[in-house]
Amino acid sequence: HTKDWWLVCLGIRPQQGQYHHLGRETFLAPVAWKNGWPVVGHGGLVELEMKGPAFCRAQQPFEPLRDDFDDPQLLFCWNFLRCRAKGDWSLSERPGWLRLRGSAMDLDQPGSPAFVGRRQQHFRCRISALLDFKSDQKNDEAGLTVLMNERHHYELAIGIVHNQRTVFVRRRIGDLATVVASQTLQEGPVHLEIQAESDAYRFLYRVGEEPLRILASGQTQYLSKEIAGGFTGVYLGMYATGHGRDCGAPADFDWFEYHPL
């Protein structure tokens, strides 16, 4: 309606009033005119939920919850880190799969590692993927990451530890990085899953028809703007790296699912 007024602005959704990790988001607030002046929201305050004039309903295209990588191009929701390197990814080398070729670049460097990710948009969500990755090189790894920047991120990954194929969780917080949990793996594709809550991430895996097993968790506050800096918010993505050299094998992702809870 032409008589309805709205304000568009950037804002954040802080946790416990202290920190935020989803980055700056676009907010829409109703505006009322009083004595010739605009009054935003409820008495000048913008809240997460406010009453306002009704919108006209229109069908909007939404990204699917699951990407099976059957299309010749990536969906619009996917992003790369900085200027992607040619040949780091492919949808055609193994049809129906997203193939990442890990390079010497890793997530700890301000460069362009083999990474394809999307923004986290909900406090509570579940992301999962099926990864087929087998490399005999010691430093090779591939998996899922919760990434704020190169100094603050968590990984759920597959690699070689003590000459054995292993799934592990690593937490990078500033200049500290450590593997907090690991488990040896049998051969075959691995279901990787990250369950996000407002205050923590849980990292799980399974092989074949086994039940999901939880490996570790990590607090969201260490990926927040107040600790990590920046304003873009957390990304959830797939990655591969050789930590100083090219990976000896590609990392193939059959599908990726982002499911708000």
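In this text the structure is predicted, and so the values were computed from the model without any measurement. Worth knowing before you read on, the calculation uses all heavy atoms, side chains too, and leaves out hydrogens, waters and symmetry mates.
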Side-chain donor/acceptor of Ser112 to backbone N/O of Leu81, under 3.5 Å: yes

More than 12 heavy atoms from other groups under 6.0 Å of CH2 on Trp37: no

Working for salt bridge (charged side-chain N to carboxylate O under 4.0 Å, His left out), residues Arg99 and Asp252: CA-CA 4 Å; Arg99 170 163 287 182; Asp252 293 333; 2.7 Å; yes

Neighbour count >12 (heavy atoms, 6.0 Å) for atom CG, Asn163: no

Arg101 side-chain N/O to Ala240 backbone N/O, donor-acceptor pair under 3.5 Å: no

Under 3.5 Å donor-acceptor, Glu93 side chain and Ser90 backbone: no

N/O donor-acceptor pair under 3.5 Å between Tyr154 side chain and Gln219 backbone: yes

Glu257/Arg126 salt bridge by N-O under 4.0 Å criterion: yes

Residue pair Tyr201 / Val234, side-chain heavy-atom distance below 4.5 Å: yes

Atom CD of Glu210: over 12 foreign heavy atoms under 6.0 Å: yes

Heavy-atom check, side chain of Met238 versus side chain of Leu131, under 4.5 Å: no

Glu150 vs Arg82, salt bridge (charged side-chain N to carboxylate O under 4.0 Å, His left out): CA-CA, chis, key distance, verdict: CA-CA 12 Å; Glu150 63 270 11; Arg82 305 177 185 92; 3.2 Å; yes

Ring geometry between Trp78 and Phe69 (parallel below 30°, tilted from 30 to 60°, perpendicular above 60°): tilted

Main-chain N/O of Gly248 paired with Asp140 side-chain donor or acceptor, under 3.5 Å: yes

Interatomic spacing from SG in Cys125 to CG in Leu65 - rounded to 0.5 Å: 11.0 Å

Value rounded to 0.5 Å, distance of CG in Asn149 from CG in Leu107: 11.0 Å

Over all atoms of both residues, closest heavy-atom pair of Ser224 and Met148: C-CE, 3.9 Å

Modelled atom types, side-chain donor and acceptor of Glu193 and Gln195, under 3.5 Å: yes

Test: Arg170 and Glu141 ion pair at under 4.0 Å: yes

Ring geometry between Trp89 and Phe80 (parallel below 30°, tilted from 30 to 60°, perpendicular above 60°): tilted

Exercise: do Asp132 and Trp97 side chains pair donor with acceptor under 3.5 Å: no

N/O donor-acceptor pair under 3.5 Å between Tyr19 side chain and Tyr222 backbone: no

Step-by-step salt bridge (charged side-chain N to carboxylate O under 4.0 Å, His left out) determination, Arg172 to Glu155: CA-CA 8 Å; Arg172 156 69 69 180; Glu155 280 80 63; over 6 Å; no

Main-chain N/O of His122 paired to Gln120 side chain as donor or acceptor, under 3.5 Å: yes

His21-Phe123 aromatic ring centre distance below 6.0 Å: yes

His243 vs Thr241 side-chain heavy atoms within contact, under 4.5 Å: yes

Val169 reachable from Tyr235 in the ILVMFWY side-chain graph, under 4.5 Å edges: no

